[in-house]
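Each chain gets a letter, A, B and so on, in the order its sequence line appears, and its residues count up from 1.
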Protein chains: 2
Amino acid sequence: MSFLVKNSPCFQVLPQPSLRIGKSERTRAAILNSALDFLWAHPFRDMTVQSLMTPTGVSRSAFYRYFKDLHEVMEALLSMLNEEALAVTGPWFEGTGDPIALFNESLAAVVEVCYRRGPILRAIDDAAATDNRLEKVWAQFFRQFDDAVTLRIEAEQSQGLVPNLDARTMAIALNRLNVYSYIEAFGQRPRSKPEPVCEALNRIWISTLYGSEWLGKESSNLVRT
Amino acid sequence: MSFLVKNSPCFQVLPQPSLRIGKSERTRAAILNSALDFLWAHPFRDMTVQSLMTPTGVSRSAFYRYFKDLHEVMEALLSMLNEEALAVTGPWFEGTGDPIALFNESLAAVVEVCYRRGPILRAIDDAAATDNRLEKVWAQFFRQFDDAVTLRIEAEQSQGLVPNLDARTMAIALNRLNVYSYIEAFGQRPRSKPEPVCEALNRIWISTLYGSEWLGKESSNLVRT
DNA sequence: CACTAAAAATGACATCGTGTCACTTTAAAG
DNA sequence: CTTTAAAGTGACACGATGTCATTTTTAGTG
């Protein structure tokens, strides 16, 4: 899931069948690409094993050599998405520097990722409703961000930047706000423009955590140092 | 869906088989009650036609006399939930009176409804992912609140109470915030306590729309009159 | 009470996607 | 070229769905 390359109509797992890797790896990647292609144009509920294997030219039953079932495919896509999201939110979670500026940056980057992967994000959420195991992994994905945001809020609270509130409850609410705003806006094509969504989320987070007087500003070294 | 009566383990459609109504109506209500009972203890993905009919003592195939499929059952439950939610949010949507006080009241009431119906709410969202028609009805449910909140924000803006922002985008984001916070907190048992959720949502809405200086206050007639 | 027509309920069946399995084909290494 | 493990295949059993012809029940009527 590392080497991602731009390809029509969406980012693919492997650019072209590389001869340097085993046949097994190539077929597995082909299936994942099938899934990305399929979900770009259809909802998860219409996905069947057949629909993923036909484009690969391999028989349906071969699918089960690579994945336990369709949900395991979705789990692979989720782990891909998770990598992309973490890569981009890391800076804010570490959190050395101007908190508001850092947040703005991270938010914009994560919105970009979810815009680009919108239909996949939606498909994962849909699929999680139909499978126990995937549901757990999806919940873990959320919890990971819940934990990080909770820590961040508590850190800011200890500096007096954020008022006294139940950090975890707030983190959970704000993360649901974001993910389901992404799914709503970017989950099915034609997708909404990302900028207004980013702006709205930014406004909500900043005014809730720091107060509305900080909107559109960086917190500057006045407060921080 | 009008006469709702408290009954273990959750609110039922009909208290006891009334002899005043036709057999057909009674069986239909029995199926809906089966669904409420089932979803109180199991996720939607485990629901089958059989699982709804066994408790009624009627054969599986009789189900199709009353509903096209399981999703039509969920549609009926959604319309029930919709009634309950509208009844409680109406006052805020009409919006004559102190806006912040009215909002507090409506929010608390809607949180109570979603707490009481948590597992059902979750089941509807899950089911919507697996059926085109239900997905549309569910989207309409959201749109109805998106429209109402948008109007309300615009009304406040024209009075100078709420800053200039994209009202619709904000309404969509805030509604997703609420519904998916409810689903997260109340969607599966054991459910979280409703009060902290209510408090967090209140904080987010108020500080985003009116500014953090209004937290915990009513806007009073100073501003309004 | 008996009769009848419509409503309600039933069991059997065809369908569809799933997951498994015994078997065949392929391809890489000696 | 041979060997052996990996990759791929077709056929099958399963489970849930939705339909249908048929039977049972119910409610109204003479």
Side-chain angles (χ1 to χ4, degrees), chain A residues 13-14 17-35 38-39 41-76 123 126-135, chain B residues 13-14 17-35 38-39 41-76 123 126-135:
Chain A
V13 174
L14 269 182
S18 161
L19 300 175
R20 306 297 303 273
I21 61 175
K23 187 177 188 178
S24 170
E25 280 304 308
R26 228 179 315 134
T27 306
R28 193 190 140 90
I31 295 175
L32 288 170
N33 279 335
S34 272
F38 183 91
L39 294 173
H42 312 279
F44 172 76
R45 62 172 166 270
D46 292 339
M47 192 164 105
T48 64
V49 174
Q50 190 61 261
S51 73
L52 295 192
M53 297 311 283
T54 301
T56 70
V58 186
S59 76
R60 185 184 68 86
S61 55
F63 171 88
Y64 296 95
R65 240 172 226 303
Y66 300 94
F67 299 96
K68 192 183 164 297
D69 53 29
L70 287 178
H71 298 101
E72 202 172 285
V73 175
M74 299 310 292
E75 207 176 316
D126 287 353
T130 66
D131 182 73
N132 204 317
R133 193 167 31 95
L134 181 59
E135 183 177 74
Chain B
V13 174
L14 270 182
S18 161
L19 299 176
R20 307 293 307 274
I21 61 174
K23 185 178 188 176
S24 170
E25 280 303 309
R26 228 180 314 134
T27 307
R28 193 191 141 90
I31 295 175
L32 287 170
N33 279 335
S34 272
F38 183 91
L39 293 173
H42 312 278
F44 173 76
R45 62 172 166 269
D46 292 339
M47 191 164 105
T48 64
V49 174
Q50 190 62 261
S51 73
L52 297 192
M53 297 312 283
T54 301
T56 70
V58 186
S59 76
R60 186 185 66 85
S61 56
F63 171 87
Y64 296 96
R65 235 170 230 304
Y66 299 94
F67 299 96
K68 195 183 163 296
D69 53 29
L70 287 178
H71 298 102
E72 203 173 284
V73 175
M74 300 309 293
E75 208 177 315
D126 288 353
T130 67
D131 182 72
N132 205 316
R133 194 166 31 93
L134 182 59
E135 183 177 75

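Considering CG of B:L70 and CZ of B:F38, their distance stands at 9.5 Å, rounded to 0.5 Å. Rounding to the nearest 0.5 Å places CD of A:E135 at 10.5 Å from NE2 of A:H71. Here the CE atom belonging to B:M53 is positioned 7.5 Å from the OH atom belonging to B:Y66, to the nearest 0.5 angstrom. Atom CZ of A:R60 is separated from atom OG1 of A:T48 by 9.0 Å, given to the nearest 0.5 angstrom.
The phosphate of D:dG8 (OP1 or OP2) has a side-chain N or O of A:T27 nearer than 4.0 angstrom.
One can place CZ of A:R45 at 16 Å from P of C:dT18, the figure rounded to the nearest angstrom. The nearest whole Å value for the distance from the CE atom in A:M47 to the C1' atom in C:dG17 is 13 Å. Counting to the nearest Å, the C1' atom of D:dG18 and the CD atom of B:E72 are 13 Å from each other. Rounded to whole angstrom, the span from the CE atom of A:M53 across to the P atom of D:dA7 amounts to 13 Å. Atoms CZ (A:R26) and C1' (C:dA27) sit 11 Å apart, rounded to a whole Å. When the C1' atom of D:dG10 is taken as reference, atom CZ of A:F63 falls 18 Å away, rounded to whole Å. The distance from atom CG of A:D46 to atom P of C:dC16 is 15 Å, rounded to the nearest whole Å. Remark: P of C:dG19 and NE2 of A:H71 are 9 Å apart, rounded to the nearest angstrom.
With distances taken from any side-chain atom of A:T48 to the nucleotides D:dT9, C:dT18, D:dT19, the minimum falls on C:dT18. Here the nucleotide nearest the side chain of A:Y64, chosen from C:dG19, C:dA9, D:dG8, is C:dG19. When each of C:dT18, D:dT17, C:dT10 is scored by its nearest atom to the side-chain atoms of A:L70, the top-ranked nucleotide is C:dT18. Taking the side chain of A:V49 as heavy atoms from C-beta on, and the options D:dG8, C:dT18, C:dT10, the nearest nucleotide is C:dT18. For A:R60, the listed nucleotide lying nearest its side chain is D:dC12; candidates were C:dA9, D:dT19, D:dC12.
A donor-acceptor contact under 3.5 angstrom links the side-chain atoms of A:S61 to the base of D:dG10.
Residue contacts shown for A:Y66 are limited to sugar-phosphate atoms, with no base heavy atom under 4.0 Å away.
For the pair A:R65 and A:Q50, both in contact range of DNA chain C, the more 5′-proximal nearest nucleotide belongs to A:Q50.
Taking 4.0 Å as the cut-off between side-chain N and carboxylate O, A:D131 and A:K68 do not count as a salt-bridged pair.
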